[in-house]
Each structure stands twice: as structure tokens, then as C-alpha cells.
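Values reported hereafter were calculated over all heavy atoms of this structure, with side chains retained and with hydrogens, waters and symmetry mates removed. Small disclaimer: the values here were computed from a predicted structure and weren't measured. In the text below, chain A, chain B and the rest are named by the order of the sequence lines, each starting its count at 1.
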Amino acid sequence: MRRSKAFIPTTKEAPSDAQLASHIFLSRAGFVTQVASGLYNYLPLAKRVIRKIENIINEEMAKVGAQEVELSFVTPADLWAESGRIEKFGKELLRFKDRKNNLFVLGPTHEEMMVDLVRNRVTSYKNLPLNLYQIKTKFRDEARPRFGLMRGREFIMKDAYSFHASNEDLDREFDAMEAAYKKILTRLGLDFRVVEADSGAIGGSGSKELMVIADSGEDTIAVCSKCEYGANIEAAKRSARGNIPEAPEAEFNKFLTPNIKTIDELAEFFKVDAYYTVKCVAKRVVYADESEIVLFFVRGCDNLQEAKAHNATDALDIVDVTEEELAELGLVPGFIGPLDQDKAKHVIDSDLKNAAHMICGANEVDNHFVGVDMSVLSETAYFADIAEVNEGDICPDCDGVLTFTKGIEVGHIFKLGTTYSEALNAKFLDENGKAQPFIMGTYGMGVSRLVAAVVEQHHDDNGCIWTKETAPYIVNIMISNIKDEAQVALGESLYAQLQDANVDVMIDDRKERFGFKMKDAELIGFPYTVIIGKELVNGEVQIFDRKSTEKTAVKSDMIFTKVMELL
RNA sequence: CGGGGUGUAGCUCAGUAUGGUUAGAGUACCUGGUUUGGGACCAGGGGGCCGAAGGUUCGAGUCCUUUCACCCCGACCA
């Protein structure tokens with residue numbers, strides 16, 4: 001492509017609302033423009049990067065036997081009613097009616113559509129397993145889109161759906177897809193981690209997220225310093241604490257604790273480690289048609305993890321409560337303890353199940369219990385893992401220590417089981433001629449988000465640094481002075497040679513000065529720029545390496561060979 | 001959906017407290033000239049329904065009302 005004719009509207013200044021490097025540089029370098037909140041135009045450079053990512057995905061999917069399809073973007077609302085998700089998805093589903101007044105939604109994910117496609121077409125175990133995928137625009141009417149391509153309302157997602165006759169076969173496919181996804185991210189040159197994820201509302205027996213490591217990531221992940229264990233903080237587990245602080249020895253007793261309401265105050269008052277205190281977090285748990293106040297108890301040194309609380313209560317939603325609401329139930333904020341269980345539902349963290357020597361609220365003003373042995377509750381109370389792991393906690397798989405890092409979720413793979421096939425009555429006949437619901441897996445990967453993720457990991461102060469696998473153009477030929485006939489002649493012949501060799505090549509043939517064109521090349525981030533300039537009179541040109549920012553002199557008659565060696 | 005902020009040239013922003021010629025700057029763009037190794041310089045030029053609608057006024061970018069959009073914090077996010 002000739003730079004002079006290319007539609008690459010670069011700017012010196014970023015849109016004022018851009019905060020992330022990927023948003024700033026993809027905007028400044030002319031890859032994308034914003035249309036409305038969460039909606040972006042992909043310009044030629046972005047389109048080329050997307051196509052490269054898609055090609056890699058297609059290659060890796062072919063290797064594991066997944067077949068590409070493309071389902072319609074506009075999907076009948078009836079299907080969503082059939083699965084029950086038209087309620088669950090809520091306002092994120094963009095709904096509209098056609099001229100005949102039929103209700104449709106723009107597909108935010110395609111489980112229903114894919115099951116509908118397969119049901120009654122695949123009817124025998126002999127035709128399983130089956131893995132179908134597509135790379136397609138999705139639409140989710142997010143309450144708050146942000147960060148450019150990172151969290152748009154309209155975005156490109158690769159979504160695969162597998163159908164199996166047995167759980168063992170689903171397990172095999174799940175592992176194969178995980179391996180394929182790792183391969184894709186590795187080829188894209190990304191530093192990533194596969195982590196345990198919260199399967200949450202979608203259910204099923206397991207899910208993993210593929211996290212690209214980046215400080216700008218929206219997710220917190222806990223990773224082990226020693227082994228491969230990694231988990232989204234929403235799902236992270238831990239081993240029991242090793243270095244347990246010295247226990248405060250005390251007989252069970254009620255103790256006057258005037259105005260001591262917080263864990264910090266309590267620990268200070270009794271001179272004990274917060275480990276031996278019981279923290280109460282009160283929340284209103286919302287179910288399908290009612291709601292109630294639930295008291296969650298964790299150790300004073302821990303915090304409630306809301307995703308876990310969700311799972312422990314089958315909640316649709318969890319919202320904060322006011323002190324007034326608690327008072328109405330006869331609860332005393334600041335002094336709520338787990339020993340009095342008739343005022344509200346309790347969920348107690350499993351780490352407290354047999355905890356002794358504890359200090360907890362006495363459910364009356366200015367009083368706490370000391371010397372509490374939680375095991376007295378083990379018969380009657382509901383225990384669940386609801387505490388958030390802390391940095392420094394012990395890995396659940398080994399004796400390593402958990403550390404936190406930020407990640408961008410670029411992939412999420414689920415073992416769905418029969419949730420959707422049962423809801424949509426999609427069955428096959430097994431060896432015994434018996435109808436069985438398909439056992440399913442689903443595997444998502446955010447393609448447009450990957451574009452942003454690559455830039456998040458590969459940029460410097462001057463712009464993008466594309467890897468060879470992702471670069472819109474790998475080589476940029478920069479003619480320093482367009483009025484110099486020798487420079488133009490060499491540039492043009494190299495351009496022709498590289499094109500013949502099927503190299504993605506750009507030639508900067510604009511009538512601009514050296515510095516201007518260099519800045520532009522750095523902003524866009526071509527891996528290599530061949531500088532044809534003033535050294536040509538001495539028979540030399542240079543290759544500028546975007547990543548190292550080093551320039552290497554090359555004999556002008558060797559330049560084609562040298563470039564080909566680099567690729 | 002709660003709380004806050006901003007809408008003026010393609011982009012980044014002044015101007016709005018206190019209404020008053022023809023609405024500005026930088027950048028980008030066009031023409032000519034000089035320049036040509038790190039976002040050049042000089043001269044000339046094009047570009048605006050001041051987010052939209054209504055109102056107050058002799059007069060509104062500026063004041064009032066309504067509304068829309070975008071952004072930020074939070075909630076939300078198979």
C-alpha cells in the first residue's frame with residue numbers, strides 16, 4: 001500500500017476521553033474512530049489486524065476439528081424466551097421489532113441459536129462430537145462501555161459451541177480447546193495466564209478464563225508464586241493459613257465493648273489479631289420474586305467476596321443495606337454476631353467452621369462475646385466459601401504464596417453440561433436408542449478486545465509495537481526525501497520485490513520531512529521500517545526495528561535479502 | 001440505574017462569572033515559496049446552526065426551561 005493513498009488518519013492528540021494506551025494509540029494512529037458510546041469504526045489498519053487474528057484463530061480451530069459457521073446476528077426473541085435468558089440478560093439485550101411486529105434481539109452470545117441450529121439436525125450419537133464456531137459481531141447494551149475496544153457494546157467475538165454424548169468427551173474437548181486457545185495467544189505474542197473462573201450464573205461444572213497480563217486489566221487474578229495455579233479473585237481458593245497468630249485464651253463470656261464497632265477497633269481493644277475476630281457483612285439478597293437480608297460472616301482479617309456470596313445464596317443480585325433496615329430486624333450494626341440466628345439468614349465462611357477462641361458481636365449494643373467456639377454452630381449454620389483470598393495466602397495446590405496481578409479477560413471457556421440442551425429440548429439418541437440431552441461446552445474469545453490487548457502489552461511512549469503475527473504491515477519503506485530520484489528508485493524497486501514475495505508492505509511516499517514520517521511510523525508501529533535516506537549516496541540504507549528502536553545499516557544492494565531474513 | 005462532569009472548526013481547547021461589532025488560538029487541511037535525518041519556516045486561503053428545541057431581551061456562545069449526547073466514579077458485565 002502507498003502511504004500517500006492510504007486512509008490512515010493519524011493525529012497528534014488523542015481524544016480527550018482516552019485513558020488506556022490501547023485506546024489512545026489505536027485512535028491516534030488511525031486504526032479506529034468512535035461513533036457513539038461503545039461503538040467504533042474499524043479503519044483499514046484495524047481491519048488488517050483483525051483479519052490476521054482471525055486467520056490464526058481459524059488455523060488453530062481447524063487443527064482441533066472445529067467447523068466455522070456464521071449465524072444470523074438478528075435473533076428471534078422467542079428463542080431467548082425458550083431458554084429463559086430474555087429475563088436474565090435484562091437490558092443488555094437490545095430488543096426491537098420488525099415491520100410485522102415480531103420481537104428480535106441482537107445476539108450478545110449464541111448458545112440458543114447454536115442449539116437451535118443443531119437440534120433435530122444432529123440426532124444420533126454417531127454424529128458426535130460436534131464443534132461449531134463463528135467469528136462475528138456481538139452486541140451487548142452495556143450500562144457503561146469504556147476503554148475503547150476493550151469494553152465496547154458492539155464487539156467481535158469468536159464463539160465456539162461443542163456437543164457431546166458424554167461428560168468424558170466434553171472434558172477431552174474442553175482440554176483441547178484450552179490448548180488451542182493457549183496456542184492462539186502464544187502466536188499473538190501475548191503474556192497470559194489461564195485461571196480458574198467463577199462459573200456463576202451460567203452453571204456447569206467448570207470454567208476457565210484466559211487472562212492477558214496487563215496493569216490496565218479490569219480483573220484481579222491470584223496466581224501462585226510456585227506452581228501453575230491461577231484464579232480470578234472471584235473464584236480463588238486457598239489453603240488454611242499456616243502461620244496462625246497466637247490465640248487469645250479466654251473463657252466464653254460477654255464483654256462490655258463500649259462503642260467498639262469496627263474490626264480494627266475490636267482487635268485493638270482486645271489486643272488480638274483480627275484473625276480471631278468475626279466480621280459481619282450484611283447484604284440484601286435479591287431472588288427472582290423476593291429479597292431478604294442475609295448476614296455473611298468472615299474472619300476479621302478477610303473480606304467478603306461478592307461473587308462467592310452470589311453463588312452461596314443463588315442470588316440474582318446482591319445489594320447494600322442501610323443501618324435502618326438492619327435495625328428493623330432487631331440487629332445492632334457494629335455488634336452483630338453469628339450466635340443469634342433467628343433474625344436473619346446466616347452464611348458463615350467455611351474457614352470459621354471449627355474456629356475457636358473467637359471474638360464476635362453479641363447482638364446487643366456495646367457488647368461482644370469472647371472465647372467463642374464456632375464449632376457449636378456446625379450443626380445448625382450454613383457454611384460456604386465466601387471469603388476473598390488475600391495476597392500472601394497459601395496456594396490451594398501447593399505451599400506457594402498467592403500474589404495478585406491484573407488481567408484482561410480475552411477468553412472464557414465453559415463446561416455447560418445440559419443447561420441449554422435441556423431448556424431448548426435438544427436431544428440425540430444414544431447407543432441404546434434412548435433420547436439424551438446434548439452435553440455442551442462453550443468457548444468465547446474476544447477478537448476486538450485482543451486487538452486492544454496486544455497494544456496494551458506492546459507499546460511504548462511513541463505508539464504501538466505490533467508483533468510480526470499481528471502487524472497490519474510488517475515492513476514500512478520510508479523514502480526520506482521524495483525529491484531524490486535515487487531514493488525513490490530504490491524504494492520503489494524494493495516495494496515491488498517485497499510485494500512479489502507476498503510481504504505485507506507499506507511505502508511511505510509522501511512529501512514530508514524525515515522526522516514527520518518517522519514519528520508516524522512509530523505511532524502506527526510497523527515492526528520494521530526501511531529508511532532510504534541520505535546514506536544512500538554511500539550505498540547504505542537502514543533498517544529501523546520498532547521494538548528495540550535501533551537502526552542497523554545495510555548495504556543498499558543487500559536490503560531485500562536482509563529484510564527477508566528478518567521475517 | 002445512582003452520583004458528578006463536559007458539549008464551541010477534523011482534533012485539542014480558550015471565550016460563558018458581568019449578554020453588545022464580523023466567534024478565537026494551536027494543530028490538521030488547500031495554494032505558492034524556502035527547507036529536507038526526528039512531528040520545519042514564511043505568505044496567503046478554506047473550514048462553525050457555539051449539541052438540539054423553546055423562552056427572556058433592542059441584542060444570546062454567554063441568562064432561563066426542556067431535551068439529547070458523550071465522559072468519569074459506583075452498581076452491572078454468559
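Judged by Watson-Crick or G-U wobble contacts below 3.5 Å, the nucleotide B/G7 has B/C68 as its partner. With a cut-off of 3.5 Å on both pairing distances, the Watson-Crick or G-U wobble partner of B/C29 is B/G45. Searching all strands for a Watson-Crick or G-U wobble partner of B/U34 with both distances below 3.5 Å returns B/A40. As the counterpart of B/G74, B/C1 is assigned, both hydrogen-bonding distances of the Watson-Crick or G-U wobble pattern falling under 3.5 Å. Using the Watson-Crick or G-U wobble rule with both distances under 3.5 Å, B/G61 pairs with nothing in any strand shown.
Rounded to an integer number of Å, the gap from CZ of A/Arg151 to P of B/C73 is 12 Å. The separation between A/Lys415 atom NZ and B/A78 atom C1' is 18 Å, rounded to whole Å.
Going from the C1' atom of B/U8 to that of B/G61 covers 7 Å, rounded to whole Å. Nucleotides B/U67 and B/A9 place their P atoms 25 Å apart, quoted to the nearest Å.
Distances from the side chain of A/Lys519 to the nucleotides B/G38, B/A40, B/A78 place B/G38 closest. When the nucleotides B/C11, B/G74, B/A78 are ranked by their closest atom to the side chain of A/Arg144, B/G74 comes out on top. Here the nucleotide nearest the side chain of A/Asn481, chosen from B/G39, B/A78, B/U36, is B/U36. Closest to the side chain of A/Glu522, out of B/A78, B/G38, B/A75, is B/G38. Proximity note for A/Lys91 (side chain, C-beta onward) versus B/C1, B/A75, B/C70: the nearest is B/C1. Side chain of A/Met157, nearest nucleotide from B/C70, B/G37, B/A78: B/A78. When distances run from any side-chain atom of A/Lys534 to the nucleotides B/G37, B/U36, B/C70, the shortest one goes to B/G37. Closest to the side chain of A/Asp17, from the set B/C73, B/G37, B/C70, is B/C70. Each of B/C11, B/A78, B/U36 was ranked by its minimum atom distance to the side chain of A/Glu13; first place goes to B/C11. Distances from the side chain of A/Gln542 to the nucleotides B/C71, B/C13, B/G37 place B/G37 closest.
In this structure, A/Asp215 places its CG atom where only 12 or fewer heavy-atom neighbours from other residues, nucleotides or ligands lie under 6.0 Å away.
Ring pair A/Tyr40/A/His23 is perpendicular by interplanar angle, where above 60° counts as perpendicular and below 30° as parallel. Ring geometry for A/Phe89 against A/Trp80 counts as perpendicular: the plane angle is over 60°, on a 0 to 90° scale with 30° as the lower cut.
Residue A/Ser16 places none of its side-chain N or O atoms closer than 4.0 Å to OP1 or OP2 of B/U6.
Note on A/Ser480: a base of the nucleic acid sits closer than 4.0 angstrom, heavy atoms only.
With hydrogens and angles ignored, a donor-acceptor pair under 3.5 angstrom links the side chain of A/Arg28 to the base of B/G39. A donor and an acceptor atom sit less than 3.5 Å apart, one in the side chain of A/Lys551 and one in the base of B/G38. Within 3.5 Å, no donor on the side chain of A/Lys12 pairs with an acceptor on the base of B/U12, nor the reverse.
Checking A/Thr220 against A/Lys406 by side-chain atom types alone, a donor-acceptor pair falls below 3.5 Å.
Taking 4.0 Å as the cut-off between side-chain N and carboxylate O, A/Lys547 and A/Asp460 do not count as a salt-bridged pair.
For B/G39, the base is not stacked against the aromatic ring of A/Phe516, per a cut-off of 5.5 Å between centres and 30° between planes.
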